[in-house]
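This report concerns only the one structure given below.
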Amino acid sequence: MKPGSRTGFVHEVDYISEDGNPVIRVFGRTEDDNSFVSLCTEFKPYFYCLPGPGYSSKQLLKRILSPEVSMPAHVIEASLEKKMRLGDEITLVRVTLDSPREVRSSRSLLRQIPAVEEIFEKDILFKRRFIIDTGINPLGAVVLGNKTVTNRWPVDIVYENGVPECREEYLHASDLRVLALDIEVACRAGLPNPQLDPIIMIGLADSKGTRILSYGRSGGDIEICESEGDMIRRFSTIVREGDYDLLLGYNSDSFDLPYLRTRARKNGLRLCLGRDLSELTYQPGSVMGRSIIRGRINIDLYPPVRRMLNLPTYKLSEVYSHLSGREKEELEVGEIRDLWSSGREEDAVSIARYCASDVEATMYIAMEVLPTLIELSKHTKQLLADVARMGQSQMVEWLLIREAHGRGELVPNKPTRTELSRRRRETYEGGYVLEPRKGLQENIVALDFRSLYPTIIVTHNVDISTLDCDCCPEDNVSPTGHHFCRRQEGFIPSILGRLVDRRKEIKVELAEVDPGSPELTRLNAMQSALKILSNSFYGYSGYPQARWYSKESAESVAAWGREYIKMAIAEAEAEGFQVIYSDTDSVFMTIQGAVGTELVVRAMEFLRRINSSLPGDIELEYQGFSPRGFFVSKKRYALISEDGRITTKGLEVVRRDWSRIAKETQRSVLRSILEDGDPSRAAEEVRQAIRRVSERSVPVEDLVISTRMTKTLQSYDADAPHVALAKRLKESGEEIRKGSNIEYVVRKGSGRVGDRAQSVSEARKKDYDIDYYIENQILPPSMRILSSFGYREEDLRYYKTKQSTLDGF
DNA sequence: TACCAGAGGAG
DNA sequence: AAATCCTCTGGTA
């Protein structure tokens, strides 16, 4: 390191235009705790032109450089460059431009030249191009020079050293200055309207504690401001003076931050939270918009939580209680308005308590998901804020783009519209599912292939570049007839292989670490990020929008998967096991007469034998033992473990779109059957539930059926119950959109369920349809289990005569 | 009764 | 902005 220079860690990267020239800005914090920005004016955007048939790359270069092509004034350089493309070396013309804004226009002009076959890498965002080409690691270290300018922005140090030198070292998450925020709005009716409804409180939490800003009301620990405007100004000051690196919210991208900006404007202010003092901007998106705070990491936790957790709803309170096991303070929207308008001190304190619990819950959730997001950022080498907004396919794609650049591989283009629709019509066969042996089963061993699809990709070298090579065609042919080269390691297999190996190492380390140590959290985050990434490659290769799309690869992986699982089933049966069920990569089996330990020992012997014949990394593992299980149909079963814990798959118990009474009744039926091994207690539970429904002693909450709108109201062809209700709700002025949860209770009467579906607030105990809840909610899920013991529906309707013949069961 | 659209889950 | 396989419901002809 040069004298006087120091190390900094990268938080954010963007660019601005100065006199039409791009200036890249790398924001972060130095190791001695000063925020910095490092400016780079040397980096320019570029793309590649591939010469068409009949043209050499030299001819194309000449054409591009010739004045009569009127090469856009913005081209500042063109040169030849060699790249690898699907295993072949090709020469392209690299065209460098003076500004990222001119990429689009220059690209269109160049495409008109007949010698240009196709243009590559023109749609890689400028800041991402910079990160990839310079080798900068987001959250990683850069060596900063010593050429500094001061007093330009409210960052501590400004460097003007051009491209920073990078180091393989990363910041500690605990070094980030984190601020979580949440606003409360006094809302007249319906959804908050930023034109009319003021913000009444701002909750802020950082490592030192929680602060609540408000105005016009005192009480508790509220920090009093003079007005809404003053409160917003105070908030901006706190962000700037605390010089936070990471701003967090829950739904903050689409709610809190744009709302703050609009209210600031209403008060004649500008919401300037950026490290360059710039105003917050809102960038609308096709699915969800994004709030931009320049120079700071801005994360809305809602999208990553939505992707990383599987929950019935994603309300802040639900997510918090799922992760922490604790409940948080709650207030209804109307309550906030009433408490605020009362003007009483204790009411303001109630709102403040609620606001504090929201912002603290946000911080709690962040601590749970950030470690994994940070690891994903390190692997994909994308900015943390971008990773938090990316889907799995995008993460895989950026990982591949970065690797491609390092290896001199040309990045394939995204599919054209016609290619995309062609790909969408292509289908292929997926995993194998064995029809289960239905009913109650005892002494079950579960086995599964460890990371089946990733290990198939690595072991069989499945890749576009290895597909149908000419050098070794007999060997390594998938059951779909596709051959993959053995001699040259494929692009994707080599990357995936590294991820899979790394995860294996971490799992070994994990086994040696003390429970409860901080090292455990870190290693867990590392392995979970690797798991997310490695499991995404197969789906990515079959994803029509993927740059490295390969139906042949996806199809071959699935076909090999079917072959291995069917082989495992056949071998198990040949060794005397009875296979009860199998889905994709798992097998459930038993041996007549063998119980507990003996069965497990036999299974282990079987594993040893089968694994010695399996190629490469492909490995069948012991998963667990269940004294009893009940199998209803494909993808629907329940198992009990030796310590009495029940896992249920696919059945109503685990579905969001059944009433609680239906799910709880089914749950108790399963429990009784799996614990007792006979159905008499279970049948009695069903009769009790039916009796309670008939007597109207079931609370309305237990009758609510919740269904999600998966598309916009107008695009529905069929009038399902939730759609019919949604249409009525819209009539009465409610906001219904894609993603809305429609909750309803079925009222008594005749006709369609949809016509009788009423929203929860209107529903009354005396109005619900007893018959519907017995016949359509309680009986079907219970009968799926009890019918296998000979029960009929009339045996369970409590008011009917019990069938004496069944008492002997 | 047969069929379809739609929802949500498994792996 | 990952894939396919699968079951079940309510509505309609």
Side-chain angles (χ1 to χ4, degrees), chain A residues 285-288 303 307 310-312 389-398 414-415 420 423-424 426-436 446 448-454 457 532-551 553-559 561-562 565 581-588 623 632-637 647-659 662 705-711 715-726 741-742 746 751-757 772 775-777 780-781 783-784:
Chain A
S286 53
V287 185
M288 232 201 278
R307 285 197 304 270
N310 182 16
L311 299 175
R389 290 167 176 82
M390 270 179 204
Q392 293 176 40
S393 74
Q394 284 168 297
M395 287 193 265
V396 168
E397 191 148 283
W398 284 112
K414 289 183 189 162
L420 184 61
R423 289 182 184 179
R424 283 196 176 129
E426 288 192 306
T427 53
Y428 66 88
E429 198 181 335
Y432 172 73
V433 190
L434 174 74
E435 189 66 45
D448 66 358
F449 282 99
R450 176 183 57 84
S451 303
L452 179 62
Y453 286 3
I457 294 173
I532 290 171
L533 282 173
S534 10
N535 285 340
S536 305
F537 278 73
Y538 158 73
Y540 174 83
S541 67
Y543 173 51
Q545 303 213 54
R547 290 174 191 263
W548 278 271
Y549 172 81
S550 169
K551 194 203 100 170
S553 299
E555 192 176 35
S556 300
V557 171
R562 291 192 300 275
I565 197 72
Y581 179 56
S582 168
D583 185 349
T584 310
D585 58 358
S586 62
V587 191
F588 297 87
Q623 232 251 318
V632 173
S633 58
K634 288 178 175 176
K635 301 189 186 283
R636 312 185 105 219
Y637 61 91
T647 51
T648 309
K649 300 291 182 184
L651 292 168
E652 284 74 7
V653 165
V654 297
R655 291 180 64 97
R656 303 189 298 104
D657 55 350
W658 283 79
S659 63
I705 297 163
S706 169
T707 315
R708 197 177 289 151
M709 304 278 300
T710 57
K711 32 187 187 172
S715 51
Y716 277 95
D717 292 329
D719 243 5
H722 72 291
V723 178
L725 175 60
N741 251 343
I742 308 296
V746 179
R752 306 188 311 172
V753 175
D755 297 331
R756 294 183 282 133
Y772 175 83
E775 301 299 325
N776 299 41
Q777 290 283 320
M783 282 304 294
R784 285 187 232 298

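Each chain gets a letter, A, B and so on, in the order its sequence line appears, and its residues count up from 1.
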Quick one: [X] [atom1] to [N] [atom2], roughly how many Å, whole number?
{"X": "Tyr538(A)", "N": "dT4(C)", "atom1": "OH", "atom2": "P", "result": "7 Å"}
{"X": "Asn310(A)", "N": "dG9(B)", "atom1": "CG", "atom2": "C1'", "result": "9 Å"}
{"X": "Tyr543(A)", "N": "dA1(C)", "atom1": "OH", "atom2": "P", "result": "8 Å"}
{"X": "Ile565(A)", "N": "dT4(C)", "atom1": "CD1", "atom2": "P", "result": "20 Å"}
{"X": "Tyr637(A)", "N": "dA10(B)", "atom1": "OH", "atom2": "P", "result": "8 Å"}
{"X": "Ile705(A)", "N": "dG8(B)", "atom1": "CD1", "atom2": "C1'", "result": "15 Å"}
{"X": "Trp658(A)", "N": "dG6(B)", "atom1": "CH2", "atom2": "P", "result": "19 Å"}
{"X": "Leu651(A)", "N": "dA7(B)", "atom1": "CG", "atom2": "P", "result": "21 Å"}

Minimum-distance nucleotide to [X] side chain [options: [options]]:
{"X": "Asp657(A)", "options": "dA10(B), dA7(B), dA1(C)", "result": "dA7(B)"}
{"X": "Lys635(A)", "options": "dA2(C), dG9(B), dT7(C)", "result": "dG9(B)"}
{"X": "Thr707(A)", "options": "dG8(B), dA10(B), dA1(C)", "result": "dG8(B)"}
{"X": "Glu652(A)", "options": "dC8(C), dA7(B), dA1(C)", "result": "dC8(C)"}
{"X": "Val433(A)", "options": "dC8(C), dC6(C), dG8(B)", "result": "dC6(C)"}
{"X": "Ser393(A)", "options": "dT7(C), dG8(B), dA1(C)", "result": "dA1(C)"}

If you look at every heavy atom in [X] and [Y], which pair is closest and at what distance?
{"X": "Ala554(A)", "Y": "Ser541(A)", "answer": "CB-OG, 3.7 Å"}
{"X": "Val396(A)", "Y": "Leu533(A)", "answer": "CG2-O, 4.2 Å"}
{"X": "Ser536(A)", "Y": "Gln392(A)", "answer": "OG-OE1, 2.9 Å"}

_To the closest 0.5 Å, what do you measure between CZ (Arg424(A)) and CD (Gln545(A))?_
5.5 Å
Remember a base hit wins even if backbone is also touched, and classify [X] as base, sugar-phosphate or nothing at under 4.0 Å, heavy atoms.
{"X": "Trp548(A)", "answer": "nothing"}
{"X": "Lys634(A)", "answer": "sugar-phosphate"}
{"X": "Val396(A)", "answer": "nothing"}
{"X": "Tyr549(A)", "answer": "nothing"}
{"X": "Tyr428(A)", "answer": "sugar-phosphate"}
{"X": "Pro544(A)", "answer": "sugar-phosphate"}
{"X": "Arg389(A)", "answer": "nothing"}
{"X": "Tyr432(A)", "answer": "nothing"}
{"X": "Gly539(A)", "answer": "base"}
{"X": "Ser536(A)", "answer": "nothing"}

*asked:* Could you work out, with salt bridge (Lys or Arg N to Asp or Glu O under 4.0 Å) as the rule, every residue matching Asp719(A), not counting sequence neighbours?
replied: Lys727(A), Arg752(A)
_Counterpart residues, salt bridge (Lys or Arg N to Asp or Glu O under 4.0 Å), relative to Arg450(A) (two or more places apart)_ = Glu619(A)
Name the pairs: protein N/O against N/O of nucleotides 10-13 of chain C, kept only if under 3.5 Å.
residue, atom, partner, partner atom, Å
dG10(C), OP1, Tyr772(A), OH, 2.8
dG10(C), OP2, Asn776(A), ND2, 3.3
dG11(C), OP1, Val753(A), N, 3.4
dG11(C), OP1, Gly754(A), N, 3.0
dG11(C), OP2, Val753(A), N, 3.3
dT12(C), OP1, Arg752(A), NH1, 3.1

*Distance check: side-chain N/O of His722(A) vs OP1/OP2 of dG6(B), anything under 4.0 Å?*
no
_Any Arg656(A) side-chain N or O less than 4.0 Å from OP1/OP2 of dG8(B)_ = yes
*Do Lys635(A) and Asp583(A) sit within salt-bridge range, that is, some charged N less than 4.0 Å from a carboxylate O?*
yes
*Does a salt bridge link Glu397(A) with Lys414(A), judged by any charged N lying under 4.0 Å from a carboxylate O?*
no
*Mind checking whether Tyr581(A) and Phe588(A) have parallel, tilted or perpendicular rings, split at 30° and 60°?*
parallel
